[in-house]
Engineer: 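Below you will find the structure I want to go over with you.
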Amino acid sequence: MTVPFVDLPAQQAEIHDEIVPVLEDLLRSAAFVGGPAVARFERDYAAFVGVDHCVGVGNGTDAVELALRGVGVGPGDEVILPANTFVATAEAVSRIGADPVLVDVDPASLLLDPDAAARAVTDRTAAIVPVHLYGQTAPMDEILAVADAHGLAVVEDAAQSQGATRNGRAAGSFGRAAATSFYPGKNLGAAGDAGAVLTSDPEVAQRIRVLAAHGSARRYEHEVIGLNSRLDALQAVVLSAKLARLEKWNRSRQDAAERYAELLGDVDGLELPSSRPGNDDVWHLHVVRTDRRDELAAALADAGIGTGIHYPTPIHLTQAYRGLGLGPGSFPVAERAAGRILSLPMYPHLTADRQERVAEVVRRVCAGTAGG
């Protein structure tokens with residue numbers, strides 16, 4: 001039995017009959033940029049997260065950049081973010097001329113450590129970007145306390161947390177703004193690149209709309225230097241269909257996480273993820289840790305089981321950010337995790353028999369028996 005790491009065709013099959021006639025109408029109308037489909041999705045996703053405004057944009061990286069610019073971060077400012085994140089978080093900071101200031105992560109969750117963030121604040125710090133990694137909400141109460149104490153903006157990177165909550169409040173609703181990605185593999189994924197910025201501040205929302213439209217609120221009148229980043233109507237149709245199923249799909253992910261806990265909870269040498277008290281996590285990724293990571297990944301691949309590593313190299317050790325001057329040992333928690341983490345298959349349509357096949361191989365490798 002083969003087990004894919006993700007199963008996007010299963011999601012598409014579930015929405016196919018619903019979206020085809022809508023897409024055909026859209027193609028006939030040629031309303032490809034903006035229009036009712038985009039407005040409808042923006043309204044519904046804002047309501048889902050519990051904010052007043054959702055601005056659809058071209059992709060998740062643009063969303064982080066626009067959110068930062070929308071709250072006033074610019075050249076020469078410092079932005080605190082975790083060393084354990086996808087490079088896009090730091091990339092967006094660099095693209096606006098600000099300086100990424102990396103900090104280590106909590107050893108239990110691998111999410112931004114609020115105490116490390118507090119120690120990193122300087123007189124140039126303008127914002128903190130907590131990343132809700134793996135579908136788990138960062139410790140926002142503590143992060144907001146740090147931000148409030150120093151007068152900093154909080155911009156959430158909520159690309160992996162659609163539907164996650166902390167103490168009943170949705171990821172993406174805590175900060176002054178939040179960015180999310182609808183890359184196809186996300187919990188809420190488009191049929192291509194797409195993203196959004198979320199905020200309850202009407203001035204921030206308007207600023208982001210202007211920035212995302214070449215710095216123009218009115219055609220051919222350009223107030224600032226912006227960029228071209230818009231959510232197209234075809235993607236909005238797909239996202240609306242999936243949004244209607246997102247709560248059900250997230251429950252399926254939670255059921256799968258519980259099943260992994262039952263199947264693998266007693267395996268020596270394997271550390272399973274756990275939820276922080278107050279979190280309702282949505283398991284975008286199911287990340288285990290083991291000192292035998294490479295051996296386990298190879299055995300799973302040989303058995304036809306897909307895995308991933310999120311992420312193999314902390315930001316400060318990538319070639320792109322060598323200029324930060326931060327070598328090995330700078331962030332020991334993130335660095336040690338990078339050599340031990342492995343993402344097991346996780347998606348809404350993951351069946352029990354597939355998980356049992358994954359567990360069979362994991363248990364065999366961790367027990368030290370080869371082959372089979």
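Only this structure's heavy atoms are used, side chains among them; waters, hydrogens and symmetry mates stay out.
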Engineer: Taking only residues two or more places apart in sequence or in another chain, which ones pass salt bridge (Lys or Arg N to Asp or Glu O under 4.0 Å) with Arg209?
Structural biologist: Glu42
Engineer: Residues in salt bridge (Lys or Arg N to Asp or Glu O under 4.0 Å) with Glu335, at least two apart?
Structural biologist: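 Per chain and number, Glu335 pairs via salt bridge (Lys or Arg N to Asp or Glu O under 4.0 Å) with no residue.
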Engineer: Treating Thr307 as the side-chain partner and Leu344 as the backbone partner, does any N or O pair qualify as donor plus acceptor under 3.5 Å?
Structural biologist: no
Engineer: Could Glu18 and Arg245 be called an ion pair, given the rule that one side-chain N must be under 4.0 Å from one carboxylate O?
Structural biologist: yes
Engineer: Spell out, as yes or no, whether a donor-acceptor pair under 3.5 Å connects the side chain of Asn187 to the backbone of Val282.
Structural biologist: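 Yes, the answer is positive, given that a donor and an acceptor are paired below the 3.5 Å cut-off.
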Engineer: In terms of heavy-atom contacts, does NE2 of His16 have more than 12 from other residues, nucleotides or ligands at under 6.0 Å?
Structural biologist: no
Engineer: Tell me yes or no: between the side chains of Gln12 and Lys242, is some donor less than 3.5 Å from an acceptor?
Structural biologist: yes
Engineer: Between Glu360 and Arg354, does a salt bridge (charged side-chain N to carboxylate O under 4.0 Å, His left out) hold up when you go through it step by step?
Structural biologist: CA-CA 10 Å; Glu360 176 188 340; Arg354 283 179 167 180; over 6 Å; no
Engineer: For Glu14 and His349, does a side-chain donor sit closer than 3.5 Å to a side-chain acceptor?
Structural biologist: yes
Engineer: Step by step, work out the salt bridge (charged side-chain N to carboxylate O under 4.0 Å, His left out) result for Asp266 and Arg363.
Structural biologist: CA-CA 9 Å; Asp266 62 346; Arg363 297 182 75 91; 2.9 Å; yes
Engineer: How long is the straight-line distance from CG of Asn84 back to CG of Leu112, given to the nearest 0.5 Å?
Structural biologist: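 Here the rounded value is 10.0 Å.
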Engineer: Can you tell me which residue pairs pass the ring pair (Phe, Tyr, Trp, His ring centres under 6.0 Å) test with a partner in residues 40-98, sequence neighbours excluded?
Structural biologist: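 Checked against ring pair (Phe, Tyr, Trp, His ring centres under 6.0 Å) - neighbours excluded - the pairs reaching residues 40-98 are Phe41-Tyr45, Phe41-Phe182, Tyr45-Phe48, Tyr45-Phe182, Phe86-Tyr311.
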Engineer: Counting only pairs under 3.5 Å, give me each side-chain donor-acceptor contact of residues 256-265, with atom names and distances, residues two or more places apart or in other chains.
Structural biologist:
| from | atom 1 | to | atom 2 | distance (Å) |
| --- | --- | --- | --- | --- |
| Arg259 | NH1 | Gln355 | OE1 | 2.3 |
| Tyr260 | OH | Pro345 | O | 2.7 |

Engineer: Is there a donor-acceptor pair closer than 3.5 Å between any side-chain N or O of Arg289 and the backbone N or O of Leu272?
Structural biologist: no
Engineer: For Asp141, enumerate each residue passing the salt bridge (Lys or Arg N to Asp or Glu O under 4.0 Å) test, keeping only those at least two apart in sequence or located in another chain.
Structural biologist: Arg166
Engineer: Could you check whether any side-chain N or O of Ser29 sits under 3.5 Å from a backbone N or O of Leu26, counting only pairs where one atom can act as donor and the other as acceptor?
Structural biologist: yes
Engineer: Which atom pairs, donor and acceptor, lie under 3.5 Å between side-chain atoms of residues 54-76 and protein residues at least two apart or in another chain?
Structural biologist:
| from | atom 1 | to | atom 2 | distance (Å) |
| --- | --- | --- | --- | --- |
| Asn59 | OD1 | Thr61 | N | 3.1 |
| Asn59 | OD1 | Asp62 | N | 2.8 |
| Asn59 | ND2 | Asp62 | OD2 | 3.3 |
| Asp62 | OD1 | Arg95 | NH2 | 2.7 |
| Asp62 | OD2 | Ser229 | OG | 2.7 |
| Glu65 | OE1 | Arg95 | NE | 2.7 |
| Glu65 | OE1 | Arg95 | NH2 | 2.4 |
| Arg69 | NH2 | Ile225 | O | 2.6 |

Engineer: Go through the steps for Asp201 and Arg176 under the test salt bridge (charged side-chain N to carboxylate O under 4.0 Å, His left out), then give the verdict.
Structural biologist: CA-CA 7 Å; Asp201 186 324; Arg176 191 170 177 205; 3.4 Å; yes
Engineer: For atom CD of Glu203, is the number of surrounding heavy atoms from other residues, nucleotides or ligands below 6.0 Å larger than 12?
Structural biologist: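 Counting neighbours around CD of Glu203, 12 or fewer heavy atoms of other residues, nucleotides or ligands fall under 6.0 Å, so no.
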Engineer: Got a donor-acceptor contact below 3.5 angstrom from the Glu156 side chain to the Gly172 backbone?
Structural biologist: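 Pair found, side chain donor or acceptor close to backbone of Gly172.
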Engineer: Would you name the heavy atoms of Arg357 and Ala303 that are closest together and state the gap between them?
Structural biologist: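 So the two residues come closest at NH2-CB, 3.6 Å.
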Engineer: Sequence neighbours excluded, which residues qualify as side-chain hydrogen bond (donor to acceptor under 3.5 Å, both in side chains) partners of Asp25?
Structural biologist: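 Here the qualifying residues are Arg28.
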Engineer: So which of Val79, Val131, Leu102 actually passes side-chain contact (heavy atoms from CB on, under 4.5 Å) with Thr89?
Structural biologist: Val131
Engineer: Which atoms form the tightest heavy-atom contact between Val103 and Ala120, and what is the distance?
Structural biologist: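 Closest approach of Val103 to Ala120: CG1-CB, 3.6 Å.
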Engineer: Heavy-atom distance under 4.5 Å between the side chains of Leu342 and Val287, does that happen here?
Structural biologist: no
Engineer: Who are the salt bridge (Lys or Arg N to Asp or Glu O under 4.0 Å) partners of Glu91, not counting sequence neighbours?
Structural biologist: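 Applying salt bridge (Lys or Arg N to Asp or Glu O under 4.0 Å) to Glu91 gives none.
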Engineer: Could you give me the CA-CA distance, side-chain angles and deciding distance for Ile128 and Leu144, then say whether side-chain contact (heavy atoms from CB on, under 4.5 Å) is met?
Structural biologist: CA-CA 9 Å; Ile128 302 176; Leu144 288 169; over 6 Å; no
Engineer: Hey, what do you get for NE2 (His316) to CG (Asp104), rounding to the nearest 0.5 Å?
Structural biologist: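 Rounded to the nearest 0.5 Å, the NE2-CG separation comes out at 8.0 Å.
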Engineer: Please check if the side chain of Asn279 supplies one atom and the backbone of Asp281 the other of a donor-acceptor pair under 3.5 Å.
Structural biologist: no
Engineer: In chain order, what residues pass the side-chain contact (heavy atoms from CB on, under 4.5 Å) check against Glu221, with sequence neighbours excluded?
Structural biologist: Arg218
Engineer: Output, in order, the C-alpha distance, side-chain angles, deciding distance and verdict of side chain to side chain donor-acceptor pair (under 3.5 Å) for Arg251 and Gln254.
Structural biologist: CA-CA 5 Å; Arg251 284 195 298 272; Gln254 292 167 337; over 6 Å; no
Engineer: Please enumerate all residues that pass side-chain contact (heavy atoms from CB on, under 4.5 Å) together with Pro348, with sequence neighbours excluded.
Structural biologist: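 If we apply the side-chain contact (heavy atoms from CB on, under 4.5 Å) test to Pro348, skipping adjacent residues, the hits are Gln11, Trp249, Ser252, Arg253.
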Engineer: Could you tell me which residues satisfy side-chain contact (heavy atoms from CB on, under 4.5 Å) with Ala37, sequence neighbours excluded, listed by chain and number?
Structural biologist: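 In terms of side-chain contact (heavy atoms from CB on, under 4.5 Å), with neighbours along the sequence ignored, Ala37 is linked to Arg40, Ala233, Ala236, Val237.
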Engineer: Counting only heavy atoms not in Asp302, do more than 12 sit closer than 6.0 Å to its CG atom?
Structural biologist: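 Check passes, neighbour count above 12.
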Engineer: Is any NZ, NE, NH1 or NH2 atom of the basic residue among Asp291 and Arg340 found under 4.0 Å from an Asp or Glu carboxylate oxygen of the other?
Structural biologist: yes
Engineer: Between Asn250 and Gln162, is the side chain to side chain donor-acceptor pair (under 3.5 Å) condition met? List the steps.
Structural biologist: CA-CA 9 Å; Asn250 281 342; Gln162 292 108 346; over 6 Å; no
Engineer: Hey, is the main chain of Ala159 close enough, under 3.5 Å, to the side chain of Asp157 for a donor-acceptor pair?
Structural biologist: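 The answer is yes, because a donor-acceptor pair under 3.5 Å joins these two groups.
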Engineer: Supply the atom-to-atom distance Leu231 CG to Asp193 CG, rounded to the nearest 0.5 angstrom.
Structural biologist: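 Nearest 0.5 Å value for the CG-CG distance: 11.0 Å.
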Engineer: Have Ser161 and Gln136 got a donor and an acceptor in their side chains that come within less than 3.5 Å?
Structural biologist: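 Gln136 and Ser161 do not have a side-chain donor-acceptor pair below 3.5 Å.
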Engineer: Tell me the ring pair (Phe, Tyr, Trp, His ring centres under 6.0 Å) pairs involving residues 116-155, sequence neighbours left out?
Structural biologist: none
